[in-house]
Amino acid sequence: MSKSKLQNLHSPKGMHDILPQDQPWWDKIRQEIDYIADYYNFHRIDTVLMERAEIFEKSLGETSDIVEKEMFVLKSTSGDRFVLRPEGTAGIVRAYVQHGLSHLGQPLKLFYLGPMFRKEQPQAGRFRQFHQAGFEIMGGDSDAVYDAQVILAIFRLLENLKIKDISLHINSIGCRICRPNYRKKLIAYYRPLAAKLCRDCRNRLKQNPLRLLDCKNEDCQKFKSEAPIILDNLCVSCSRHLKHVLEFLEELDLSYVLDNQLVRGLDYYNKTVFEFFTNTVSEDGRKFDFALASGGRYDYLMELFGARTNAGVGGAVGLERLIEVMKAAKVNLSLRKKPGVFFIHIGELAKKRSLKLIESLRDEGVPVKESLGKDSLGAQLRSANKEGSDYTLIFGQKEAFEESIIIRDLKNGVQETVPLRKLVSEVKKRLK
Ligand code: HAM
């Protein structure tokens, strides 16, 4: 292919490079996720980016939007079908069973952070490659305390990232015992309205009636208010479970909206489902009407993969969405600045000796920034300012001859010439 053919190529639709200027946002998020995971004792897991197609087809549901139209499917020459993972939970359950992680002690708390892929129509907060951080608790029965712990970890993460006005929506979608009965009632309510529903909802009525409550189409929305309510149809066990989750949240002073129309787009949930929203409004008046994080209980998913325990609950946060909201709210990143020095050379001889000198500092663990490719003093000083270094080391012709170097404090302009043999100790003293 000739060079000119590549000149105007961009990244694929809905997939974005993360450029150096955005990295501080990602650093901040990663820092807080690690902090929360460590604090609440979640262990990191990284699963493969590509899974066998049936992992998602059988777990998310054949009629879920993801499986029906959003998976990036790859076929191997031998006919095997693989999928770029659209979400993290199914792959983690696969890994949990494959590697016998149930032996690690129960419940097992896992967290992950990485890219997911969905062939969606790109729009604000909706991409084809996006990142999730997820928290999963597997095993340990279906105790409601674990649902509350997942919700708490996500809430604290959002709070630490200074996301304001967080609202938690929660619901229970029942279990194998109570859901079929509710499903029947829902079908009985919607069937006479079928002609007035959008095409997707007419399909949902046949294949996945609970998703009727999830439709964003205005014409369909108006029927929701009269639809039967799942909370009135839960069995004793699901009612009790929901009550316990809510009690834990109340004890924690975590306010929530009991949202009886929250159903979620993935089929693997039972009992608890939840979503976090924010009421942040940007300076230019933009509101964010997407979920920042979502999750729920997935006991049947564990069973489907043949896990020795059939209890699992978790949730995942959409990181691009977090960054969008943090930027709109002008969150101050306040990343911990790494202390360090900036090395400046003046003249040929000094430049020649500079690499070795910098290496001697690095060997002693002193972080050094430089712009050795620039010979002008002004350009190097500008780089030092940009880096926000606290000190510059100035090494010129005279210093090279005298085996010395200047240490300049950039905050107050005070400078001192020190012998090269004392450089490391003098710098370390200052950086303390
Ligand atoms: P989900 O609701 O599909 O759930 O995705 C979780 C979060 O990922 C959403 O709340 C949203 O913030 C973000 N997200 C989803 N799709 C996109 C997209 N196209 N572009 C940008 N962000 C997006 C799950 O994936 C479940 N695995 C969550 C879970 C974990 N349930 C139990 N454990």
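Atom set for the values below is all heavy atoms of this structure, side chains included, hydrogens, waters and symmetry mates excluded. One-based numbering, in listed order, for ligands and for the atoms of each.
The closest side-chain donor-acceptor pair between Tyr112 and Glu136 falls under 3.5 angstrom. Asn233 and Lys185 are linked by a side-chain donor-acceptor pair at a separation below 3.5 angstrom, with hydrogens and angles left out of the test. Between the side chains of His16 and Glu320, not a single donor N or O lies within less than 3.5 Å of an accepting N or O. The closest side-chain donor-acceptor pair between Thr272 and Asp147 falls under 3.5 angstrom.
When the heavy atoms of Gly125, Gly265, Ser64 are ranked by distance to atom 21 (C) of ligand 1, first place goes to Gly125. Relative to atom 32 (C) of ligand 1, the option among Gly134, Ala293, Gly88, Gly314 with the closest non-hydrogen atom is Gly314. Compare Glu87, Glu136, Gln132 by their heavy atoms: the one nearest to atom 6 (C) of ligand 1 is in Gln132.
Heavy atoms of Phe290 found under 4.0 angstrom from ligand 1: none, in either backbone or side chain. Under 4.0 Å from ligand 1, the heavy atoms of Glu120 that appear belong solely to its side chain.
For atom 11 (C) of ligand 1, the nearest protein heavy atom (residue, atom name, distance) is Arg321 NH1, 3.4 Å. Of the protein's non-hydrogen atoms, the one nearest atom 13 (C) of ligand 1 is Gly318 CA, 3.6 Å. The nearest heavy-atom contact from the protein to atom 20 (N) of ligand 1 is Phe127 N, 2.9 Å.
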- Item | Candidate pair Lys327 and Asp22, rule side chain to side chain contact (heavy atoms under 4.5 Å, CB included), full reasoning | CA-CA 10 Å; Lys327 282 184 174 173; Asp22 270 335; 2.9 Å; yes
- Derivation and outcome, side chain to side chain contact (heavy atoms under 4.5 Å, CB included), residues Arg176 and Tyr300: CA-CA 9 Å; Arg176 272 186 200 134; Tyr300 302 140; 3.4 Å; yes
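Ligand 1 has an N or O atom lying under 3.5 Å from an N or O atom of Thr89, backbone or side chain. Residue Arg118 places at least one N or O, backbone or side chain, under 3.5 Å from an N or O of ligand 1. Where the criterion is an N or O separation shorter than 3.5 Å, residue side chain and backbone included, Phe130 fails it with respect to ligand 1.
For ligand 1, the atoms lying closer than 4.0 Å to a non-hydrogen atom of Tyr268 are 26 (C), 27 (N), 31 (N). Atom numbering of ligand 1 starts at 1 in the shown order; those under 4.0 Å from a heavy atom of Leu266 are 4 (O), 24 (C), 26 (C). In summary, the atoms of ligand 1 found under 4.0 Å from a heavy atom of Ala291, numbered by their order in the structure, are 10 (O), 11 (C), 12 (O). Within ligand 1, counting atoms from 1 as listed, the ones closer than 4.0 Å to a heavy atom of Ser294 are 2 (O), 6 (C), 7 (C), 9 (C), 10 (O), 28 (C), 29 (C).
Residue Tyr269 places a heavy atom under 4.0 Å from ligand 1. At least one heavy atom of Arg264 sits under 4.0 Å from some atom of ligand 1. Contact annotation: Ile66 has no heavy atom less than 4.0 Å from any atom of ligand 1. Residue contact check for ligand 1: Phe276 places no non-hydrogen atom closer than 4.0 Å to it. Contact between Glu320 and ligand 1 is absent, with no heavy atom of the residue lying under 4.0 Å from the ligand.
For the atom pair CD1 (Ile36) and CD1 (Ile154), the distance works out to 10.5 Å, reported to the nearest 0.5 Å.
For Asp34, there are no side-chain hydrogen bond (donor to acceptor under 3.5 Å, both in side chains) partners, not counting sequence neighbours.
Cation-pi contact between Lys109 and Phe42: present, with separation from the ring centre below 6.0 Å and deviation from the ring axis of at most 45°.
With hydrogens and angles ignored, the 3.5 Å screen pairs a side-chain donor or acceptor of Asn171 with a backbone N or O of Asp259.
Judged as a ring pair (Phe, Tyr, Trp, His ring centres under 6.0 Å), the pairs with a partner in residues 143-198 (not counting sequence neighbours) are, in order, His169-Phe277.
Aromatic ring pairs are classed by plane angle as parallel below 30°, tilted from 30° to 60° and perpendicular above 60°; the pair Phe290 and Phe288 is tilted.
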